[in-house]
Protein chains: 2
Amino acid sequence: MSTHDEIDGTSPGAGEHAVRGGVTGPGGFRASGVAAGIKQGSSADLALVVNDGPRREAAGLFTTNKVKAAPVLWSEQVLRERRLHAVVLNSGGANACTGPEGFQDTHATAEKVAEELGIGAIDVAVCSTGLIGQRLPMDAVRSGVPVAVAGLADSERAATDAATAVLTTDTGPKQAFREHGAGFSVGGMVKGAGMIAPNLATMLAVVTTDAVVDGDTLNAALRQAAGTTFERLDVDGGTSTNDTVLLLSSGASGVAPEAGELTELLTETCNDLVRQLQYDAEGATKAVDITVRGTLRESDAVHLARLVAEDNLVCTALFGSDPNWGRIAMAVGRSDVEMDAHRMEIAANGVTLYSEGTPVVDRSEVDLSGREIEIVIDLGLGEHETTVLTTDLSHGYVEENSAYSS
Amino acid sequence: MSTHDEIDGTSPGAGEHAVRGGVTGPGGFRASGVAAGIKQGSSADLALVVNDGPRREAAGLFTTNKVKAAPVLWSEQVLRERRLHAVVLNSGGANACTGPEGFQDTHATAEKVAEELGIGAIDVAVCSTGLIGQRLPMDAVRSGVPVAVAGLADSERAATDAATAVLTTDTGPKQAFREHGAGFSVGGMVKGAGMIAPNLATMLAVVTTDAVVDGDTLNAALRQAAGTTFERLDVDGGTSTNDTVLLLSSGASGVAPEAGELTELLTETCNDLVRQLQYDAEGATKAVDITVRGTLRESDAVHLARLVAEDNLVCTALFGSDPNWGRIAMAVGRSDVEMDAHRMEIAANGVTLYSEGTPVVDRSEVDLSGREIEIVIDLGLGEHETTVLTTDLSHGYVEENSAYSS
């Protein structure tokens with residue numbers, strides 16, 4: 001049984017470190033996280049999430065990068081059956097660019113988990129994160145798996161242990177949980193400190209639900225939810241070699257929601273996880289929402305919002321709390337998207353700074369000193385709109401990324 | 001008369017601060033740089049370059065950004081005649097996003113220069129650099145122009161004054177000069193600390209030649225030379241609202257070179273200027289050459305080299321002198337370019353790190369501690385190749401760009 005009645009922090013003993021729930025929130029799931037010795041030192045580095053059923057539909061999304069890590073190649077294959085019994089995740093090594101031997105290591109990891117659980121390897125997905133180009137210490141993995149299996153539990157602590165074991169440069173575990181009035185729930189965990197940061201900040205997410213749902217519906221729900229959550233976070237421009245989002249359903253609630261209800265609860269949960277990624281992004285001192293509206297196509301809005309989110313000059317200005325809309329105008333103007341600079345409007349934290357080709361108010365009238373910043377760019381051409389979440393570009397980002405692996 | 005016999009530093013009085021020549025190197029050109037009070041304080045902020053002929057063919061390249069500053073709109077118009085008598089440049093204000101009034105300011109600046117020189121405004125190009133979205137102090141511009149005209153000279157000092165007056169965050173003037181055995185020469189000046197940095201690092205270049213050359217040939221030579229020089233520098237991803245490259249020919253040498261000879265000397269001069277931009281880029285501690293070869297199309301090589309050059313994770317790793325080829329593989333894999341990760345090879349400073357899908361040597365065998373870094377990525381698919389020049393992403397970059405305008 002899950003313990004999700006404690007998760008919203010209303011339980012007496014929740015204290016100041018109240019957990020927000022996670023993959024064991026929905027019924028039918030157990031998890032664990034252990035220190036297997038994959039990383040140097042004694043930190044946790046191996047996590048398991050097991051679906052005890054009764055159903056085992058699953059769906060997955062994987063990196064679009066052409067350089068795919070061995071665990072991504074394996075898990076993509078496994079997910080073709082739209083069915084998963086377990087997911088094994090490790091930090092301490094991405095197992096990317098490691099050749100056929102690396103793929104054998106992934107396969108061996110799945111085999112070991114399957115053996116310990118008494119299931120088939122084809123029902124075990126594998127996720128890895130860490131440095132590219134180094135083989136995993138397979139002795140550590142092999143000896144760690146039985147310990148992780150022995151530690152499986154449906155408790156909040158078990159979920160947090162799993163969410164902790166996958167961390168790299170993240171400052172803490174990231175979990176979410178949502179219950180629907182109809183009696184089903186969605187929980188999840190995620191790690192990552194950027195959508196793109198292959199050596200240290202691969203995004204791995206495992207989301208669970210106890211809803212009764214067929215594979216096609218589950219797959220469609222994941223794609224729809226990810227489209228407005230995971231795919232709208234852009235810290236530094238792309239996807240790593242290892243990015244993976246997995247959704248597992250146990251059917252343990254006995255409740256079969258309508259597709260729309262499931263998608264909505266899933267989107268809320270994923271949105272919660274993405275906000276946690278945004279706030280914990282490498283070196284970030286600002287959580288920045290870039291909204292582009294008034295475009296002729298939604299794809300134009302997404303393209304422009306990403307262009308602004310990825311612009312180093314915009315992001316360093318925001319680090320300095322500087323409402324430097326000129327840099328925003330420049331970033332937008334770089335694109336191929338149809339636009340008219342004289343119809344464009346730019347606003348920051350609710351104050352319009354640029355309109356009809358000229359400045360509107362002095363920049364000193366906008367206060368960007370707080371943690372949250374909202375930028376709105378209106379092209380004034382159409383009805384489409386999107387919001388991309390990003391962060392500032394800080395000394396902390398440069399520090400973490402220049403010093404991490406040296 | 002020009003003084004280019006002194007320029008290579010062989011003149012007795014050159015001393016340790018030997019100038020490398022500039023726009024007054026070729027015969028037929030005068031220049032000046034003065035403090036007009038456009039910037040706060042007493043630094044130089046207004047430059048003039050005047051072509052005394054006998055010929056006045058000219059060509060220009062302008063930003064592809066859709067948000068174009070008033071001086072770009074004006075100068076594009078002026079250049080349609082492929083003829084220029086003078087160029088006036090100012091730092092202390094980009095005159096971008098300033099509406100119809102800003103365009104009138106540019107026009108008034110050209111008119112004032114024309115009036116002082118006794119020529120037509122249509123023969124005067126205008127270039128501006130500085131903060132976007134603020135009107136220029138036109139009183140300062142109007143009172144500065146006569147002073148600049150009075151100071152016009154064909155000396156090295158005059159060229160250096162002009163090259164200095166256009167600087168923003170640059171640490172010093174950037175000039176180049178090349179002579180051809182056939183008796184003509186090319187000189188130039190450039191400012192910029194990034195291809196994209198609209199508030200502070202617009203790239204402005206003025207290049208002069210005393211060759212006798214018709215407008216079409218001049219235009220073709222500029223496009224060809226820029227294609228392998230200015231357009232192959234990518235510090236942080238794009239083009240500003242004000243980027244401008246102007247080429248003026250005086251015919252004063254009386255020598256009419258073959259098109260290929262002119263293009264070659266022009267390319268050498270532009271390459272010299274671009275290297276100076278690379279070394280003086282904001283906060284840069286490394287000069288990084290990214291070569292991509294073995295692609296099916298040249299455009300693929302350019303696209304991939306730019307993707308790597310713009311990748312924050314690659315550039316922060318290089319700041320840390322870390323041969324983190326995994327980040328390079330990830331950056332390349334993000335593109336839509338046809339590739340096979342197993343055929344790709346990655347080398348740094350001559351050492352192959354990744355080949356046939358696996359690491360080749362340990363990263364510790366590559367030394368990136370020096371200022372110059374060469375990255376070579378071979379896709380192993382075709383015959384095309386290009387090199388893009390970039391820099392690392394350092395604390396200095398974040399510092400300059402977060403603190404500059406606040």
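Chain naming here is simple, since letters A, B, ... match the order of the sequence lines and numbering starts at 1 in each.
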Peer 1: Under 4.5 Å heavy-atom distance to chain B, tell me which part of Val337(A) shows up: side chain, backbone, both or neither.
Peer 2: backbone

Peer 1: Tell me whether Glu101(B) at atom CD has more than 12 heavy atoms from other residues, nucleotides or ligands lying less than 6.0 Å away.
Peer 2: yes

Peer 1: So which part of Ser394(A) gets closer than 4.5 Å to some heavy atom of chain B, the side chain, the backbone, both or neither?
Peer 2: backbone

Peer 1: Between Arg327(B) and Asp322(B), does any side-chain N to carboxylate O distance fall below 4.0 Å?
Peer 2: no

Peer 1: Picking from Gly133(A), Cys97(A), Pro323(A), which has the most non-hydrogen pairs under 4.5 angstrom with chain B?
Peer 2: Cys97(A)

Peer 1: Taking salt bridge (charged side-chain N to carboxylate O under 4.0 Å, His left out) as the test, write out the residues that go with Asp105(B), two or more places apart.
Peer 2: Arg135(B)

Peer 1: Between side-chain atoms of residues 351-360 of chain A and protein atoms elsewhere (two or more places apart, or another chain), which donor-acceptor pairs fall under 3.5 Å?
Peer 2:
from, atom 1, to, atom 2, distance (Å)
Tyr354(A), OH, Ala341(A), O, 3.3
Ser355(A), OG, Glu345(A), OE2, 3.1
Thr358(A), OG1, Ser355(A), O, 3.4

